[in-house]
Amino acid sequence: MKLPDEALASFSICILLTLLIVAMLLGYLLRQWGISYVQEAGVALVLGVGAGLLVQYLSGDQSEQKWFTFQPRFFFLFLLPPIIFDSGFGLNMKAFFRNFVSICTFAFFGTFVSAVVSDATDPVTVLAIFHSLKVEPKMYSLVFGESVLNDAVAIVLYKTLVSFKGKTVSVKSCGLAVGQFLTIFVGSFTVGIVVALVSSLLFKKASFARAKNTDTTLQVAIAVLFPYCAYMIAEGLTLSGIVAILFTGVTMAHYTLKNLGAEASAQLKSFFRVLASLAETFIFIYIGEEMFLANQTWRHISLTGVAFGAVLISRVFNIFPGAWILNLFTKRPEKKIPFTYQKMLWFSGLRGGIAFALALETFKDIPEAHAQAILNATLLIIVFTVIVNGGLTVAALKSLKIQMGYIESNRKSYGEINFSGVGAEDSGNRRISDAKRSKVKSMESIVKLQAYIKAWKYNSSFEVLDRKYLMPFFTLQTEYGNGSRGYSKMAMDVELTDQGKEENDDGGEGGGETAFSGEDNQLEMEGSDEDVEITLSSQHSLRLVPSRDLPKADLAEGAEAAAEP
Amino acid sequence: MSGPDGSVAAPVEDLEGVEASEALAIMTQMCLIIFVFIAGYLLERKHVTFVSEAAVGLLVGVAAGGAAFAFTHKFDASAYGEWMNFSPDFFFFALLPPIIFDAGYSLDPKLFFGNFDAICTLAFLGTFVSAIIITTLVFVMGLAGACYELTFIQAGLFGSLISATDPVTTLAILGNVRADQNLYYLIFGESVLNDAVAIVMYQTLNEFQHQKFSVGSLGKAFGVFLMIFVGSCLIGAGFGLLSSLFYRFAQFRQREHYDIVEACLLVPVPVAAYMAAEGAGLSGIVSILFCGIVMARYTRQNLTKRTSENSLAFFKILARMSETFVFIYMGLSLFLGHQTFDMWGMWVMFVIAFLGMLAARVCNVLPGVALVNMRRSPESKISRRHQIFVWFSGLRGAIAFALAMKSTDDVGDEAGAVIFSVTLLIVLVTVLIFGGLTPLMLKKLDVLDKSSPYSPMAAGDSDDERPLGGKDHQSDSETKRDMSSVEMSDMRGTPESYVTSVELRSDAGSSDTPLRKFIRTASGKLSVQEIDKGLHKVFVSPQ
């Protein structure tokens with residue numbers, strides 16, 4: 001076991017782990033001291049760069065650096081899945097789906113506009129920064145959703161381009177590419193959902209929660225394996241594992257979690273959150289190290305400059321027209337994406353691990369000199385965006401007056417409206433909590449009736465489908481009745497940015513929410529049409545946009561508005 | 001979007017095919033783990049005691065390996081088979097650390113150190129004796145032409161890797177049945193520590209393949225062994241103590257909000273301890289075990305309550321998955337590894353080695369325990385029934401298996417394949433048969449844990465500072481034999497048994513229980529408690 005080779009590996013891993021600890025610690029201390037210009041991601045990058053320099057200086061040949069260099073396979077198989085799953089798991093479902101159309105527009109339309117490799121904004125990077133800042137949910141889900149989905153776009157585009165390498169570009173091949181893209185997206189989506197549903201059925205049938213000697217470890221261990229399964233199935237079918245595991249996360253949070261006991265679900269959450277945070281920091285360290293270890297030739301500064309300019313400009317062409325088109329189709333003012341948000345979206349186009357992994361892959365596909373140039377450019381762009389854009393994120397958010405510290409401020413002052421007309425999600429939340437306090441019980445029946453009318457009208461509202469058929473089918477209804485459904489939805493909102501206290505919150509909100517679960521579901525209806533679309537066929541979601549704004553929908557909306565004191 | 005049958009792996013583009021089959025292999029393994037978990041759970045619920053979860057894992061692995069074998073022969077999916085096959089590196093670097101750490105993290109230091117004399121005797125002296133016996137037997141029989149002929153060094157390699165009992169198997173099988181706690185710690189402790197012996201002997205002998213054998217080098221080997229053992233303990237404990245110091249001064253308790261950072265900082269510490277020891281050429285297993293023990297004792301006291309609970313769950317989940325995976329992994333190798341089941345000499349060697357193993361364990365346990373009993377006070381002597389059970393539970397498993405796999409590189413193909421096949425068979429037999437008979441033996445020998453069910457008192461306040469408080473209901477379990485009417489069914493299904501005992505350790509008070517005396521006598525003049533008290537003052541923040 002102690003061949004020098006393995007000793008080397010052990011020491012390398014040991015050093016990496018030490019870096020990991022230091023990076024997390026520094027990030028923690030920075031937050032503690034209230035320094036917002038350097039993020040944990042930035043710290044990890046810088047540390048990685050330092051370590052890379054040192055290793056480069058100390059080690060003689062390539063083989064000694066093996067463990068410090070970024071391995072795309074390791075990244076895609078082990079580091080990425082927990083991060084994406086965790087973000088799907090703790091995602092604010094309502095905000096995500098409500099903005100689904102916008103997200104899709106930015107992700108798909110936008111990414112097509114420009115070059116591939118360093119174009120995809122990176123969920124890892126963005127999440128790391130936004131999560132710690134507790135940005136307002138609509139903003140968060142826009143940025144996050146875009147970055148997650150356009151990873152899929154980037155990976156798929158990359159694959160498509162490589163497979164068309166050497167062939168002439170024709171209309172037919174373009175059509176093929178689009179078809180392939182759609183197949184991959186819908187396929188991954190389906191895989192993710194199906195695996196999650198299987199898991200919730202399993203937990204329902206096995207009913208661990210009811211067993212006498214509840215073995216929480218076993219439950220959690222099983223639950224942990226399912227998302228990986230989804231990821232691997234999708235990858236095995238040459239689909240996008242990222243998309244699959246994201247939707248597994250969302251679906252498992254919705255159904256499976258309710259079949260686990262309270263203790264087991266708390267453990268599951270903390271398990272993934274710990275894994276995800278570790279993986280996140282690790283990725284940045286890795287990228288930083290690569291700066292000096294990856295056979296750098298610094299001759300390509302000009303290319304970098306051009307690429308960087310192109311990235312910024314293409315993002316202009318991505319965001320602003322996209323938002324403009326979306327706003328054009330949206331009647332209700334609070335659903336529009338305000339200009340400040342657009343600017344922030346543009347600003348938060350951070351590049352990260354995925355772009356980097358793709359750049360490394362290019363070595364296998366195109367001549368080395370070119371690949372080297374691409375890698376250099378990508379690396380510099382990543383470092384620049386993470387350190388500069390990441391560092392200035394807080395300042396930008398402040399100057400654009402986008403709400404941060406979302407949970408805390410809300411908890412203190414639930415009733416206070418911050419800025420006008422921003423975020424349907426925002427006001428939706430507030431309405432629920434206001435409703436909790438006021439005596440809208442009398443309105444409940446009217447609202448419910450309207451819900452059914454609306455459900456009848458479209459015959460496919462996801463919320464109704466969910467409540468009437470899916471929920472009872474996939475979860476243990478007897479133990480967690482209506483009350484707990486409302487409870488977990490509230491919990492989901494709370495969890496979006498809350499890192500530590502969800503248990504307390506769950507307890508508190510769960511108690512108060514019980515009577516209003518019907519209300520809760522109803523309120524979600526306004527934005528729920530999109531949910532249907534994705535369940536049925538996500539590629540159609542763009543076309544169905546206007547359906548949200550039919551008069552009936554507004555009627556329901558009006559009733560709720562009336563319900564507010 | 002074709003079915004998951006590897007036909008996707010037909011390379012349109014080479015790399016993509018490899019990645020796809022890789023992913024499929026991992027997916028298959030995940031599905032197998034889930035399947036084994038559920039099967040184990042169902043068996044447990046149906047009170048089927050003679051098939052442990054480990055056995056299920058092995059069997060499922062064998063079945064899946066057979067299927068994959070048939071399948072990879074039809075298609076050319078070498079990447080798939082490669083990922084399905086046992087890789088010693090993956091085992092030592094990824095699977096083993098969480099299992100051993102969790103064992104240390106949820107271990108009761110009082111019982112562990114209370115039996116330390118017996119553990120060390122069995123692990124060091126006993127394993128050495130056992131290795132010599134098996135080596136001689138196999139070598140002589142080979143010379144006589146009865147079985148496959150190994151050179152002396154090869155026989156020695158085999159003897160050293162097969163004579164160490166396995167912590168993974170022990171945990172998987174004994175951790176799930178309620179054996180008497182002293183007995184459990186004796187067997188488990190031996191299995192962890194004797195790996196160090198086995199590995200050192202293996203390496204030393206491996207070096208002798210290339211150099212002359214001399215007394216000096218033997219002496220050197222002994223020195224190396226001592227250094228490895230002590231060094232690993234120090235590294236592990238050092239990392240653990242560093243982390244507890246860190247948590248003491250970081251004072252996360254006052255800032256509840258950042259508990260995710262708190263938890264994240266906890267995870268790399270044991271892995272770093274393992275890697276540091278391995279990197280220094282020491283034993284990572286011993287190091288991570290002691291790291292776990294120290295962290296449970298000191299670091300956990302400095303954590304916020306929630307993180308403390310979550311960390312326990314986190315490591316337990318990881319360990320649980322790794323453990324099950326190890327057995328599936330071993331099962332897979334029955335068909336996918338370098339075996340030579342068509343060789344007659346191999347089968348004879350298996351029979352000889354197996355009988356030799358049983359005989360050697362007699363020579364290990366009986367004299368070893370006699371030696372220990374000489375120094376112990378009458379009430380803490382290890383009884384005959386306990387000795388028989390210790391003999392019986394000499395389970396072999398993953399570590400022997402991984403070493404055997406390595407031996408294919410070290411001793412050449414044919415001999416390596418024979419060693420590997422024999423080891424594989426022995427592992428199968430001990431896990432399936434001995435593991436299956438364990439609950440029965442426990443009952444027959446009447447060595448069940450009498451102290452169950454645990455009283456829930458004081459389980460919560462792990463912040464209590466009193467060191468090594470007497471846990472009286474366990475302390476006299478040696479003498480209380482009248483409660484043997486406890487049903488087997490009640491014994492089953494509580495793998496938390498040893499977790500509970502850790503959480504219980506803080507209820508102090510009864511200062512002069514027999515067990516305290518027992519510890520004093522066991523550890524001679526140097527009191528473990530005094531050391532612990534001192535360490536506690538330094539490393540645990542005053543409440």
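Here is how names work: the chains are called A, B, and so on, in the same order as the sequence lines, proteins then strands, and each is numbered from 1.
- Contact annotation for A:I21: both backbone and side-chain heavy atoms come within less than 4.5 Å of a heavy atom of chain B.
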- Item | Worked check of salt bridge (Lys or Arg N to Asp or Glu O under 4.0 Å) between B:R320 and B:E53 | CA-CA 11 Å; B:R320 185 89 191 246; B:E53 198 181 279; 3.1 Å; yes

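- Between chain B and the options A:A230, A:C14, A:G241, A:A234, the largest number of non-hydrogen pairs under 4.5 Å is found for A:C14.
- Within 6.0 Å of CZ in B:F90 there are more than 12 heavy atoms belonging to other residues, nucleotides or ligands.
- Interface residue B:V271: backbone and side-chain heavy atoms are both found under 4.5 Å from chain A.
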- Could you walk me through whether B:V269 and B:T299 pass the side chain to side chain contact (heavy atoms under 4.5 Å, CB included) check? CA-CA 11 Å; B:V269 174; B:T299 312; over 6 Å; no

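- Across B:L282 and B:I228, no two heavy atoms sit closer than the pair CD2-CA, 3.7 Å.
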